[in-house]
Colleague: 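Can you read through this structure? Questions will come right after.
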Amino acid sequence: MKITADSIEPDKLRDDLLDRGAGAYVSFEGWIRDHNDGQKVQRLEYEVYEPVAIKEGEKVIEEAKKKFPLLHVACVHRSGLLEIGECAVWVGVTSAHRDEAFAACRYIIDQVKVRLPIWKKEHYVEGHSGWVNCERCAEHGHKHSVVTGN
Amino acid sequence: MKITADSIEPDKLRDDLLDRGAGAYVSFEGWIRDHNDGQKVQRLEYEVYEPVAIKEGEKVIEEAKKKFPLLHVACVHRSGLLEIGECAVWVGVTSAHRDEAFAACRYIIDQVKVRLPIWKKEHYVEGHSGWVNCERCAEHGHKHSVVTGN
Amino acid sequence: MTKLIKVRYFAGFRESAGTDEEELSMDVSTAGDVFAQLQHRHGSSEPLGHCKVAINDEMADWDSSVKEGDTVLLFPPVAGG
Amino acid sequence: MTKLIKVRYFAGFRESAGTDEEELSMDVSTAGDVFAQLQHRHGSSEPLGHCKVAINDEMADWDSSVKEGDTVLLFPPVAGG
């Protein structure tokens, strides 16, 4: 698990997972969309509390390795200000067969999104901004706590 | 859908799927493993009947687009002789959210593997070789039709 | 009724037929009939249910009818990826 | 019993608290007590069930006990990825 303020380079990260015994590689990338919940997004700001985010991310990866027969796993999450189209999070998994690679990649991104101390503030084209609440909270109809004027 | 005798370059293929509205990118790569069914594999030979493989691949992609709200989809399959570690097939999908990207990527690779007229012959370290039967047939306990001496 | 049919073989079928294509005069009405007669001729034991067929480069069913001049493509079990 | 506790705020909590950390003398036994007292103090309306807590950089539960000198990290709803 790595947190970085620099651009994520998926092709280099992928090459670290190469393995002669691997038949399947599945990767997920989360990109900054130009819209969310009907609002036009200009950029996103990620606040990460690194000491706990890294520990919790490693825990998620260990859980995935226990659940599925994997060869290699890695996850990198950005911090700081990101522009539309940039990669905010990358997960890569290799295994002998594809079933476990898909399942593990999905497990990791799902857990990372709800467990790591990472917050994003959307800056909207209209000028205001707001912290985005967690996905699970969103299911309870509780989405944005919009802060105006910044 | 593309069939190619040249190396697959996932990073270039990925860049064709970039989209300001995309929040999720999922890719699958099938790599040549050094073993299969307990046999050590030296290299693999893919025979592809291109006219029908391309038509059928396009059909699979269209089906995925109908089933899931996707932004971009692409699939490339190798033909010819491949060494251990090489990428035999690549599938990339972008969409607003990750649910549909994972589901579509999985749908496409599953269908490509069982519907396209593509055959692989494994060349084993021990010197013999054999055509690999389809995954579905394998489930019925019907796996290799080994041809010795080549 | 006897028809002139072109048959193309792929992968393992090409190896058991010893050729990648042949033109045959066959008394057949469906793609399945072509498969059955050639399985006998070439001594292949691959069950029809594991195989696929295309007619004139379009995927077809085993009960698709075959007419004079058609090219029938016999696909042994596929294994992409 | 009154304890000296260091509290750290993140994201929206930092904005409503107007600071990223403070040292407080609090009469609390669990992390949940810390949350409840500070929610009142800072006028935040975020339900506890949406938030998380860590004590001394280890993820904790709301009923984890808090002792003198602990650093309690209050995490508003997370949204990685």
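Chain letters run A, B, ... following the sequence lines, proteins first and then strands; every chain starts at 1. Note that these values count all heavy atoms, side chains included, but never hydrogens, waters or copies made by symmetry.
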Colleague: For the rings on B:F102 and A:F28, is their centre-to-centre separation under 6.0 Å?
Modeller: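 Yes - the distance between ring centres of B:F102 and A:F28 falls below the 6.0 Å cut-off.
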Colleague: Is it the case that more than 12 heavy atoms not belonging to B:K2 sit under 6.0 Å from its NZ atom?
Modeller: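 Atom NZ in B:K2 is not crowded, with 12 or fewer foreign heavy atoms closer than 6.0 Å.
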Colleague: Please rank A:G85, A:A24, A:A101 by heavy-atom pairs under 4.5 Å with chain B and give me the top one.
Modeller: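 The candidate making the most pairs under 4.5 Å is A:A24.
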Colleague: Are B:R14 and A:D11 within salt-bridge range, i.e. N to O under 4.0 Å?
Modeller: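 A salt bridge is absent here (no side-chain N lies under 4.0 Å from a carboxylate O).
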Colleague: I need the A:W31 CH2 to B:T94 OG1 distance, nearest 0.5 Å.
Modeller: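 Interatomic distance, A:W31 CH2 to B:T94 OG1, rounded to 0.5 Å: 5.5 Å.
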Colleague: Is any side-chain N of the basic residue among B:R106 and A:D99 closer than 4.0 Å to the acidic one's carboxylate O?
Modeller: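 Yes, this pair counts.
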Colleague: Between A:Y25 and B:S27, is there a side-chain heavy-atom distance shorter than 4.5 Å?
Modeller: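 B:S27 reaches A:Y25 side chain to side chain.
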Colleague: Do any N or O atoms from the side chain of B:R33 and from the backbone of A:A96 form a donor-acceptor pair under 3.5 angstrom?
Modeller: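 Such a contact is found between B:R33 side chain and A:A96 backbone.
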Colleague: How long is the gap from NZ on B:K40 to CZ on A:R20, to the nearest 0.5 Å?
Modeller: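 Result: 11.0 Å between the selected atoms.
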Colleague: Taking every heavy-atom pair that is under 4.5 Å apart, which of B:A22, B:C105, B:C87 has the most such pairs with chain A?
Modeller: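 That would be B:A22.
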Colleague: If I measure from the heavy atoms of chain A, does B:I32 come under 4.5 Å with its side chain, its backbone, both, or neither?
Modeller: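 It is the backbone, since no side chain atom gets that close.
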